[in-house]
Amino acid sequence: VQQQLDGAFACLRIMGDFQEEVTGLVERRTSNADRRGISFRVGQVLRHKKYGFRGVVIGWDRRPQMDVSGWDGVQGLPSGSDQPFYRMLPDMGDCVELLGGPRDVRYVAQENLVELPPAHRRISHPGIDSLMPTFDATSAIFLPSEELAFEYPGSPLASPHPTGPAAAAAAATTAPGGS
């Protein structure tokens with residue numbers, strides 16, 4: 001009997017953790033639905049004005065979530081650190097050529113980003129397939145995973161049949177009795 005009770009409580013803890021994850025995802029989606037001041041979308045490939053590398057947007061913050069005031073790329077910008085910042089996966093070839101070696105996620109001020117012509121929007125990064133599983137050649141943008149598309153409303157969706165935490169969160173917000 002004790003083993004069954006322990007199993008039941010373990011299951012309840014897992015369900016509680018899942019509920020917290022879904023609640024956090026819904027809160028981030030609600031906050032991200034307001035795109036005022038946000039110039040770029042998840043899946044867009046942009047170029048860094050100062051350092052020249054290309055990268056695909058995988059997320060954004062309305063204001064930086066860390067102290068960026070001392071960064072070379074932020075100093076001298078008209079808005080300084082008082083602007084949106086984008087998380088980007090940089091092109092590995094650009095990083096090797098322009099930055100001296102491979103780089104992981106970059107955190108870039110909006111004023112440092114510029115759009116690219118469609119012919120320059122294909123990039124290569126080892127982590128891109130899990131976050132941006134499809135490149136749409138027609139629109140020349142990467143289509144985000146269902147989780148990213150849910151978290152950032154207005155993003156195109158790579159999969160027409162969502163599953164996982166994003167789908168559960170969407171169902172929880174649209175089901176009768178959901179909030």
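The residues of the chain are indexed from 1 along the displayed sequence.
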Taking only residues two or more places apart in sequence or in another chain, which ones pass salt bridge (charged side-chain N to carboxylate O under 4.0 Å, His left out) with D82?
R63
Which residues, ordered by chain and number, are linked to L12 in its hydrophobic cluster, where ILVMFWY side chains connect at heavy-atom gaps below 4.5 Å, directly or through other members?
F9
Taking only residues two or more places apart in sequence or in another chain, which ones pass salt bridge (charged side-chain N to carboxylate O under 4.0 Å, His left out) with R28?
E151
With clusters built from Ile, Leu, Val, Met, Phe, Trp and Tyr whose side-chain heavy atoms come within less than 4.5 Å, directly or transitively, what are the remaining members of the cluster of M15, listed by chain and number?
none
Across all chains, not counting sequence neighbours, the side-chain contact (heavy atoms from CB on, under 4.5 Å) partners of S79 are Q83, E111
Sorted by chain and residue number, the side-chain contact (heavy atoms from CB on, under 4.5 Å) partners of L46 (sequence neighbours excluded) come out as F40, Q44, V57, M88, L113, E115
Hydrophobic cluster partners of V96 (side-chain heavy atoms under 4.5 Å)
none
Qualifying residues under salt bridge (charged side-chain N to carboxylate O under 4.0 Å, His left out), relative to D72, sequence neighbours excluded:
none
Pairs in or reaching into residues 102-134: which pass ring pair (Phe, Tyr, Trp, His ring centres under 6.0 Å), with residues at least two apart or in two chains?
F85-Y107
I need the full list of side chain to side chain donor-acceptor pair (under 3.5 Å) pairs touching residues 86-102, with sequence neighbours left out, sorted by first then second residue.
R54-D91, R54-D94, D61-R87, Y86-Q110, R87-Y152
Hydrophobic side-chain clustering at under 4.5 Å (ILVMFWY, transitive links): who's grouped with V1? Put none if nobody.
L5
Contacts of R13 meeting salt bridge (charged side-chain N to carboxylate O under 4.0 Å, His left out) (sequence neighbours excluded), chain-then-number -> none
Under a 3.5 Å threshold, yes or no: a donor from one side chain and an acceptor from the other, between T23 and Q19?
yes
